[in-house]
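For reference, the structure is listed below as C-alpha cells.
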Protein chains: 2
Amino acid sequence: MSSHKPAAPDALTQKLGTFLALGREELAMLDELQGPRTYIPAGKEVVYQGQHGHAAYVLREGWACSYKRLIDGSRQIIDIGVPGDFLGLRSLLLRTSDQSFVTLTDVEVRRVVTSKLWDAFRKTPRLAGALLWAVSRDEAMVVEHLVSIGRRDALARTAHFLLELGARMRLVGRGSHDSYECPLSQSMLADALGMTAIHLNRVLRQLRESNLLVFREGVVRFIDREKLADMIGFDLSYLDQGGPVLD
Amino acid sequence: MSSHKPAAPDALTQKLGTFLALGREELAMLDELQGPRTYIPAGKEVVYQGQHGHAAYVLREGWACSYKRLIDGSRQIIDIGVPGDFLGLRSLLLRTSDQSFVTLTDVEVRRVVTSKLWDAFRKTPRLAGALLWAVSRDEAMVVEHLVSIGRRDALARTAHFLLELGARMRLVGRGSHDSYECPLSQSMLADALGMTAIHLNRVLRQLRESNLLVFREGVVRFIDREKLADMIGFDLSYLDQGGPVLD
DNA sequence: CGCGCTCTTGACTAGGGTCAAGTGCAGTGG
DNA sequence: CCACTGCACTTGACCCTAGTCAAGAGCGCG
C-alpha cells in the first residue's frame with residue numbers, strides 16, 4: 001500500500017501504459033503484485049537453469065539477461081532485460097526453470113508476488129490483460145530474435161538487434177532518438193547474436209566504417225538510423241507500440 | 001455442453017493431463033472454451049502476418065506451422081504445431097499478428113472462444129493454470145529452437161529437432177518409441193532449421209549413412225536413438241513432462 | 001607489478017550457401 | 001496412352017561467410 005503519491009511512473013507502468021491507460025485501482029494492484037525493492041549487484045545469477053521453484057521479478061533499473069548453456073560450454077543469450085521488463089515470468093509455471101538469468105549491471109528489482117496474480121485476474125482483468133500483453137510482446141521479441149539468427153546474416157542481425165534495443169529503451173524513457181547506453185560487452189552481444197565475439201568485432205567495425213552506427217564505451221550511437229533501418233528492412237511492428245487502446 | 005460421455009481423450013486433454021489431473025468441471029470448461037470442430041485443407045493460411053483481430057485455435061488433428069517472412073522472401077518457421085497444440089494463442093493480445101500460420105496437412109481445429117477465457121480464469125483457475133502452463137511450454141520450445149539455431153551446427157540442430165518432434169508426438173499418443181509420421185518436406189524442415197534445403201538434404205544423408213536415423217517417405221525412424229541423443233546432448237527437460245502435479 | 005578481461009587485427013580454415021544439372025514421381029491435358 | 005509440367009529430392013563443384021588460432025594493446029584491480 002505504498003500510495004504516497006505516484007511520482008514519475010516507473011518503467012513498467014510506462015510500458016503498460018503503451019497498451020492501455022491504467023486506472024487508479026489497477027495501478028494499486030500493480031503495486032501490490034510486487035514485493036519490496038531489492039538491489040542486486042552486477043553479475044549475479046538470479047535464477048539458474050534447472051532451478052526448482054524459481055521466482056519472477058520486475059526489473060526496475062539496470063540490465064539483465066536470460067540464457068541457456070549447452071553441454072559444450074557455449075551459451076546462447078535468449079533475451080536482454082531492460083528497465084520495465086519481467087524476468088522469468090513466462091517460465092513461472094514450469095516445474096524447473098529452462099533458462100538462467102544474470103544481472104548485467106547493478107539492478108533494482110521487485111519480486112512478483114505470485115500468490116496475488118490470481119487476485120489480479122479476478123479483480124482487475126484489464127490489468128491482467130495488460131500483463132499478458134507484455135508477456136506476449138516479450139515472446140514476440142524472442143520470435144523475432146529467432147528469425148534474425150535463422151535468416152539474417154551477421155551484419156543485418158547485429159544492426160537489427162541494436163535498433164530493437166534502442167526502440168525498447170526509448171519506450172521506457174531511456175536514451176534518445178539516436179543513441180542509448182548499452183552496458184553489454186562484445187562477447188555478450190555475440191552470445192546473443194549467435195556468433196563469435198571476434199566476428200562481432202569485425203561486424204561492428206564494418207558498421208562504424210560505413211557510417212551507420214558506433215558502439216563504443218557502452219554507448220550505441222546511430223550515425224544514419226534511417227539508412228541502417230531500411231538497409232536491413234527493420235520493421236518494429238512486432239513491438240506493438242500502438243499507443244493506448246482505451247478499450 | 002457436449003457431455004455425452006468423454007471418449008478417448010483428445011490430444012490437448014491428454015497433454016494438459018501431463019501437467020495436472022483435470023476434474024469433471026474443468027473438462028467441461030475446457031470444452032466450452034472451444035468452438036465447433038472445423039476442417040481445413042492442407043496448405044491454407046489460417047492467420048497471416050500483420051493480420052488484425054486474428055483468432056486462436058486448438059489443433060486437434062493434423063499439422064500446422066507458424067512462420068515469419070522476411071523482405072527478401074526467405075522465411076523462418078518458428079514452430080511446428082502437432083495435435084494438441086494451440087495456434088496463435090500467445091499472440092492473441094497483440095493488435096496485429098506478428099506471424100503467419102499455415103496448415104501442413106488437412107487439419108481439424110476448434111476455435112478458441114476468447115470471450116470465455118476470463119470465465120475460465122475465474123471459475124476454473126486450475127484449468128487456467130494448465131493452459132498457461134501449455135503456453136509456457138510452447139515458449140520453452142521456441143527458446144530451445146533459438147538456442148539450436150544460434151549455437152548448434154547443422155547436424156546437431158537437425159537431430160535435435162527431429163528428436164523433439166518425436167517426443168512431442170509420443171506425448172499426445174502419436175508415433176512409437178523409434179518412429180513417427182512427419183509430413184514435413186525437406187524444404188520446410190530447412191526453413192525451420194535456418195538452413196538451405198540443399199544442405200539439409202546432405203545432413204539427412206549423413207544421419208542415414210551413420211545409421212542414426214532415416215527420414216524418408218514422411219516417416220522419421222530412429223535407428224540408434226540412444227547414440228543420437230547423447231551425441232548431441234539431447235535433454236528434453238525443457239518439455240517439462242513430469243507427470244501430473246496433483247496440487 | 002602482474003593478472004585477467006575486453007577489445008582488436010591478421011592469417012587460415014571449414015561449414016554451409018550458391019549454382020547447376022539431373023532423377024523420379026504425380027497430375028493434367030491432348 | 002503419352003507428352004508436358006511442376007515439385008520434391010539428390011548430388012557435385014565452387015565460393016564465401018563466419019569460425020578458429022594466434023598475438024598484441026589497453027585498462028582496472030588486488
Side-chain angles (χ1 to χ4, degrees), chain A residues 41-43 63 65 70 72-77 102 104-106 148-162 181-210 213-221 232, chain B residues 41-43 63 65 70 72-77 102 104-105 148-162 181-210 213-220 232:
Chain A
W63 289 46
C65 78
L70 308 202
D72 68 358
S74 63
R75 78 172 172 176
Q76 174 65 48
I77 291 180
V102 214
L104 301 177
T105 64
D106 295 349
S148 247
I149 295 180
R151 288 292 179 218
R152 283 191 252 259
D153 66 18
L155 191 92
R157 217 187 301 170
T158 307
H160 190 280
F161 192 78
L162 294 176
E181 284 189 34
C182 173
L184 300 175
S185 70
Q186 289 188 8
S187 74
M188 290 198 173
L189 241 189
D191 277 351
L193 294 171
M195 52 182 157
T196 57
I198 295 178
H199 193 61
L200 176 72
N201 183 282
R202 290 192 274 247
V203 167
L204 287 176
R205 171 161 41 138
Q206 203 181 327
L207 285 167
R208 197 186 326 125
E209 290 175 351
S210 319
L213 76 79
V214 180
F215 175 28
R216 186 160 270 174
E217 284 154 25
V219 175
V220 174
R221 184 174 304 282
I232 62 161
Chain B
W63 290 46
C65 78
L70 309 202
D72 68 358
S74 63
R75 76 172 175 178
Q76 175 64 49
I77 291 180
V102 215
L104 301 177
T105 64
S148 247
I149 294 180
R151 288 293 179 219
R152 284 191 251 259
D153 65 18
L155 191 92
R157 216 185 301 170
T158 307
H160 190 279
F161 191 79
L162 293 177
E181 285 189 33
C182 173
L184 298 175
S185 70
Q186 289 188 7
S187 73
M188 289 195 179
L189 242 188
D191 277 350
L193 294 171
M195 51 181 153
T196 56
I198 294 178
H199 194 61
L200 175 73
N201 183 282
R202 291 191 274 245
V203 168
L204 287 176
R205 170 161 42 139
Q206 203 181 327
L207 285 167
R208 195 186 329 126
E209 289 175 351
S210 319
L213 77 79
V214 179
F215 176 29
R216 186 160 268 174
E217 284 154 25
V219 175
V220 173
I232 63 161

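Order of the sequence lines fixes the chain letters, A, B, ..., with proteins taken first and strands second; residue numbering starts at 1 for each chain.
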B:Gln206 CD to B:Leu155 CG distance, which is reported to the nearest 0.5 Å:
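Between B:Gln206 CD and B:Leu155 CG, I get 5.0 Å after rounding to 0.5 Å.
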Nearest 0.5 Å please: distance from the CG atom of B:Asp72 over to the CG atom of A:Asp153.
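Answer for the CG-CG pair, B:Asp72 versus A:Asp153, is 9.5 Å.
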Phosphate oxygens OP1/OP2 of [N]: is one of them under 4.0 Å from a side-chain N or O of [X]?
{"X": "B:Arg216", "N": "D:dT10", "answer": "yes"}
{"X": "B:Gln186", "N": "D:dT10", "answer": "yes"}
{"X": "A:Asn201", "N": "C:dC7", "answer": "no"}

Tell me if a side-chain donor or acceptor on [X] pairs with a main-chain N or O of [Y] at a distance below 3.5 Å.
{"X": "B:Thr105", "Y": "B:Trp63", "value": "yes"}
{"X": "B:Arg151", "Y": "A:Met195", "value": "yes"}
{"X": "A:Arg208", "Y": "A:Phe215", "value": "no"}

Kindly give the heavy-atom pair with the smallest separation between A:Ala192 and A:Ile77, and that separation in Å.
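It is CA-CB, 3.6 Å.
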Scoring nucleotides 16-22 of chain C by protein non-hydrogen atoms under 4.0 Å (B base, S sugar-phosphate only, - none) yields BBBBB--
Enclosure of A:Arg221 CZ (heavy-atom neighbours >12, cutoff 6.0 Å):
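It does not: A:Arg221 CZ has 12 such atoms or fewer within range.
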Distance in angstrom units between [X] [atom1] and [N] [atom2], rounded:
{"X": "B:Leu189", "N": "D:dC9", "atom1": "CG", "atom2": "C1'", "answer": "13 Å"}
{"X": "B:Gln206", "N": "C:dA14", "atom1": "CD", "atom2": "C1'", "answer": "13 Å"}
{"X": "A:Phe215", "N": "C:dT6", "atom1": "CZ", "atom2": "P", "answer": "12 Å"}
{"X": "A:Leu204", "N": "D:dA18", "atom1": "CG", "atom2": "C1'", "answer": "14 Å"}

State which of C:dT8, D:dT11, D:dC9 makes the closest approach to the side chain of B:Arg205.
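So the nucleotide nearest the side chain must be D:dT11.
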Derivation and outcome, side-chain contact (heavy atoms from CB on, under 4.5 Å), residues A:Leu70 and A:Gln76
CA-CA 8 Å; A:Leu70 308 202; A:Gln76 174 65 48; 5.7 Å; no
Are any protein N/O atoms closer than 3.5 Å to N/O atoms in nucleotides 27-30 of chain D? If there are, list each pair with its distance.
none

Can you name the one residue among B:Leu200, B:Ile198, B:Leu193 that meets side-chain contact (heavy atoms from CB on, under 4.5 Å) with B:Thr196?
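It is B:Ile198; the other options fail the test.
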